[in-house]
Amino acid sequence: MSEREKAIQLIKEIPDNKLVFVVDMLNSIKKLLIEEVEPDEWDLEMIAQAEQENDGTKVSFDELLQKEGLTYADLQS
């Protein structure tokens, strides 16, 4: 028996009122299986530019606000 057949057999044994959990779990797993696409030329250029601009320095959110002359109140509007 294949793994697919085993899974189908197990699903058939689950009561209908509990299938919502199985469906949610399968949907979550399906999202993880999305095929990754290799970066194209534009992507590679953007990555290279970001690597040049990023010196590895970390800035807190508060420091960023101060640097830009903003406050939390400015973000509310």
Side-chain angles (χ1 to χ4, degrees):
M1 181 182 295
S2 73
E3 295 300 312
R4 183 178 300 275
E5 291 168 329
K6 289 178 192 176
I8 291 170
Q9 182 61 41
L10 289 169
I11 290 171
K12 286 180 180 179
E13 295 173 11
I14 297 172
D16 286 348
N17 65 334
K18 302 294 183 187
L19 279 177
V20 65
F21 303 113
V22 175
V23 171
D24 286 345
M25 182 181 65
L26 291 172
N27 276 325
S28 296
I29 292 169
K30 184 178 177 182
K31 291 176 186 173
L32 296 174
L33 301 176
I34 295 173
E35 182 181 338
E36 288 190 30
V37 177
E38 290 295 319
D40 61 15
E41 185 177 325
W42 182 84
D43 293 326
L44 294 173
E45 288 176 17
M46 293 292 102
I47 292 168
Q49 180 181 349
E51 287 173 346
Q52 288 175 353
E53 294 174 1
N54 183 0
D55 63 2
T57 304
K58 295 181 181 179
V59 178
S60 73
F61 190 67
D62 289 330
E63 291 172 318
L64 179 61
L65 285 176
Q66 185 178 7
K67 176 183 174 188
E68 297 298 325
L70 299 170
T71 66
Y72 283 100
D74 296 323
L75 302 177
Q76 299 299 317
S77 54

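- Side-chain atoms of Glu45 and Gln49 include no donor-acceptor pair closer than 3.5 Å.
- Heavy-atom contacts from other residues, nucleotides or ligands closer than 6.0 Å to CG of Asp16 number 12 or fewer.
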side-chain contact (heavy atoms from CB on, under 4.5 Å) for Glu68 and Leu64? Distances and angles first, verdict last. CA-CA 6 Å; Glu68 297 298 325; Leu64 179 61; 4.2 Å; yes

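- Here the CD atom belonging to Gln9 is positioned 10.5 Å from the CD1 atom belonging to Ile14, to the nearest 0.5 angstrom.
- Residue Gln66 qualifies as open at atom CD: its count of foreign heavy atoms under 6.0 Å is 12 or below.
- Smallest separation of non-hydrogen atoms from Thr57 and Asn54: N-OD1, 4.2 Å.
- Criterion: ILVMFWY side-chain heavy atoms under 4.5 Å apart, direct or through other members. Under it, Leu19 and Leu26 are part of a common hydrophobic cluster.
- Atom CE of residue Met46 and atom CD of residue Glu41 lie 10.5 Å apart, to the nearest 0.5 angstrom.
- A 6.0 Å sphere centred on CD of Glu63 holds more than 12 heavy atoms belonging to other residues, nucleotides or ligands.
- With hydrogens and angles disregarded, no donor-acceptor distance shorter than 3.5 Å links the side chain of Asp24 to the backbone of Phe21.
- The closest side-chain donor-acceptor pair between Ser60 and Asp62, if any, does not fall under 3.5 angstrom.
- For Glu13, the CD atom counts as densely surrounded, since its 6.0 Å shell holds more than 12 non-hydrogen atoms of other residues, nucleotides or ligands.
- Once rounded to the nearest 0.5 Å, the distance linking CD1 of Ile47 with CG of Leu44 reads 5.5 Å.
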Dump the intermediate steps for side-chain contact (heavy atoms from CB on, under 4.5 Å) on Leu75 and Leu65, then the final yes or no. CA-CA 10 Å; Leu75 302 177; Leu65 285 176; 4.0 Å; yes

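- Under the 4.5 Å side-chain contact rule for hydrophobic residues, Val23 and Met25 do not share a cluster.
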